[in-house]
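Just below is one structure, and these are the notes that go with it.
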Amino acid sequence: MLSKRAEALKPSPTLAISAKEKALKAKGLDIAGFGAGEPDFDTPEHIKQAAIDAINKNFTRYTPASGMDELKDAVIEKFKRDNNLTYKREEIIISCGGKHALFNLFEALFQENDEVLVPSPYWVSYPPMIELTGAKPVIIETDEKEDYQVTPQLLKRHINKNTKAIILNYPSNPVGSVYYKENLEAIGKIAVENNLYIISDEIYEKITYDEYVHTSIASFDNAFKERTIICHGVSKTYAMTGWRIGFAAGPGHIIKAMANIQSQSTSNPTSVSQMAAIAALNGPQDFIPMMVREFKNRKDYLVKELLTIEGVTCYNPRGAFYVFPNFNSIIGKRYKDRVIDSSTSWTEVLLEDFHTAVVPGIEFGKEGYIRLSFATSMEVIKKGVERIKQAVNELK
Ligand code: PMP
Ligand code: GLU
């Protein structure tokens, strides 16, 4: 018999959909894939070369479980350079992806009776990861009119004596909201007053559009920094999703607890991937603006096209590489003999009948919406949008 924890757990829907998409493509079907949230660019040459050199030099043994000092130093330098934040080595951990850093952190902080505030729409993995620890995710519904941000009033209403932490993700997956400085400052103050940890998932930091820029909540005030754990990684910034290198920065005693969990579970992240991550963080950064420019062209096109569909609204993302259009106007309609009664049945029709892979909004906490990743080629985007329009036209 499986454990209750395992019985209750379902696979990550984003990863499940991208696996389905790949399986259908392998069968020869022409699928327009908007599923996976991973840059379609190749990892830059100098980063790959660093890993090749590491293999050739037989850098293939265990490293310290919490990561190599040289990579921790590169991460420290990154926080200094980009966020004006100063950390010591014992305040940094290198993990097997940003997801693993979050997992270790939740394991280190949460237990039964704890409540963890999760603003919705949220990234699919936060609630299940919280539940695995025995703690309870408490969803805070944010509003498009507030640019999908937690306002101070909203936050105060959800705090009680069991509240342990709030998760902030900005730029956010799935809507691409970038927090206003005023909101971050107000949230930080409330966190200090109520003794809450702030989990700041900044993995999309470098991917922002137009006039929007990312500011870390930890950089406002030392009192905020002392209760903030930043979770981050190289996956999105350097097109390195498969290399599995993430990192976290925060108070030394929390990082130490995370390192203990890591040393009893995965041990170190892959040695050659760590070498690649050093090259990524310390090397030339010109790849990033090139990638962001391309994402912006795709975003602008996609938002414009989605808005031409009758009844559809779509928030214009300010960061990350997802759009999250509202398709509530088609819920209740029929495709052939099938009633579209949810975002899930809509995505099934799109995949099965129109060969277009998207993720149901309900997985991010919002029924009637769907998520499209535009980390895919313009050609696929154009084809996929046409298919979605055709699908809508064929609904009765
Ligand atoms: N946080 C968010 C919001 C994400 O979308 C992702 C994407 N998978 C991650 C964390 C973790 O990414 P990774 O494990 O590849 O570093
Ligand atoms: N974060 C990406 C996404 O949301 C990658 C898949 C995952 O880890 O969930 O699609």
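Both ligands and their constituent atoms are indexed starting at 1 by order of listing.
The only option from I94, N268, N104, I93 that meets the side chain to side chain contact (heavy atoms under 4.5 Å, CB included) definition with S66 turns out to be I93. Checking each of S216, S177, P119 against Y170 for a side chain to side chain contact (heavy atoms under 4.5 Å, CB included) leaves exactly one that passes, namely S216.
Close contacts of ligand 1 with D201, meaning ligand atoms under 4.0 Å from a residue heavy atom, involve 1 (N), 2 (C), 3 (C), 10 (C). Every atom of ligand 1 with a heavy atom of N169 under 4.0 Å away is listed here by number and element: 3 (C). Within ligand 1, counting atoms from 1 as listed, the ones closer than 4.0 Å to a heavy atom of G98 are 13 (P), 14 (O), 16 (O). Atoms of ligand 2 found under 4.0 Å from any heavy atom of S12 (numbered from 1 in listed order, with element): 9 (O). Those atoms of ligand 1 that come under 4.0 Å of a heavy atom in G97, given as number and element, are 14 (O), 16 (O). Ligand-side atoms of ligand 2 in range of N173: 1 (N), 3 (C), 4 (O), range being under 4.0 angstrom from any heavy atom. Of all the atoms in ligand 1, the ones that sit under 4.0 Å from a non-hydrogen atom of R244 are 13 (P), 14 (O), 15 (O). Every atom of ligand 1 with a heavy atom of S235 under 4.0 Å away is listed here by number and element: 13 (P), 15 (O), 16 (O).
The pair E386-K382 does not meet the salt-bridge criterion, since no charged nitrogen lies less than 4.0 angstrom from a carboxylate oxygen. The pair K366-E141 meets the salt-bridge criterion, with a side-chain N (NZ, NE, NH1 or NH2) lying under 4.0 Å from an Asp/Glu carboxylate O. We find that R371 and E363 are not joined by a salt bridge, their nearest charged nitrogen and carboxylate oxygen being 4.0 Å or further apart. Looking at D42 and K48, no side-chain N of the basic residue comes within less than 4.0 Å of a carboxylate O on the acidic one, giving no salt bridge. Here D82 pairs with K206 in a salt bridge; the nearest charged N to carboxylate O distance falls below 4.0 Å. Remark: E21 engages K25 in a salt bridge, criterion side-chain N to carboxylate O under 4.0 Å. Electrostatic pairing of K383 and D30 counts as a salt bridge here, judged by a charged N lying under 4.0 Å from a carboxylate O.
Taking a 4.0 Å cut-off on heavy atoms, T241 fails to register as neighbouring ligand 1. The closest approach between any non-hydrogen atom of G233 and ligand 1 is not below 4.0 Å. Put simply, no part of E38 is less than 4.0 Å from ligand 1, judged by heavy atoms. Using a 4.0 Å heavy-atom cutoff, K99 is listed among the residues neighbouring ligand 2. The closest approach between K236 and ligand 2 falls below 4.0 Å for a heavy atom of the residue.
Contacts between Y126 and ligand 1 below 4.0 angstrom, taking non-hydrogen atoms only, involve the side chain exclusively. The part of Y322 lying near ligand 2 is the side chain, judged by heavy-atom distances below 4.0 Å. Contacts of E363 with ligand 2, taken as heavy-atom pairs under 4.0 Å, are absent altogether. Residue contacts with ligand 2 for L15 involve side-chain atoms from C-beta outward but no N, CA, C or O (heavy atoms, distance under 4.0 Å). Contact annotation for H100 and ligand 1: no heavy atom of the residue comes within less than 4.0 Å of the ligand.
Close N/O approach between I245 and ligand 1 is not found [any backbone or side-chain N/O within under 3.5 Å]. For ligand 2, none of its N or O atoms has an N or O atom of G35 under 3.5 Å away.
Looking only at heavy atoms of the protein, atom 9 (O) of ligand 2 is closest to T14 OG1, 2.6 Å. Summary of contacts: the protein heavy atom closest to atom 12 (O) of ligand 1 is I203 CD1, 3.7 Å. Looking only at heavy atoms of the protein, atom 10 (O) of ligand 2 is closest to R371 NH2, 2.8 Å. At the top of the distance list for atom 6 (C) of ligand 1, counting protein heavy atoms only, stands W123 CZ2, 3.6 Å.
Among W243, Y322, Y204, the residue whose heavy atom lies closest to atom 5 (O) of ligand 1 is Y204. Residue K236 holds the heavy atom nearest to atom 7 (C) of ligand 1 of all those in E202, K99, H232, K236.
The minimum heavy-atom distance linking I139 with S120 is given by the pair CG2-CB, 3.4 Å. Summarising the geometry of I207 relative to V292, their closest heavy-atom pair is CA-CG2, 4.1 Å, with the distance given to 0.1 Å.
Defined by atom type and a distance below 3.5 Å, a donor-acceptor pair is present between the side-chain atoms of K78 and N83.
Heavy atoms of other residues, nucleotides or ligands lying less than 6.0 angstrom from NZ of K80 number more than 12. No more than 12 heavy atoms of other residues, nucleotides or ligands lie within 6.0 Å of CG in N84, so this atom counts as exposed by the packing criterion.
Looking at D300, its side chain never comes within 3.5 Å of a backbone N or O of N297 through a donor-acceptor pair.
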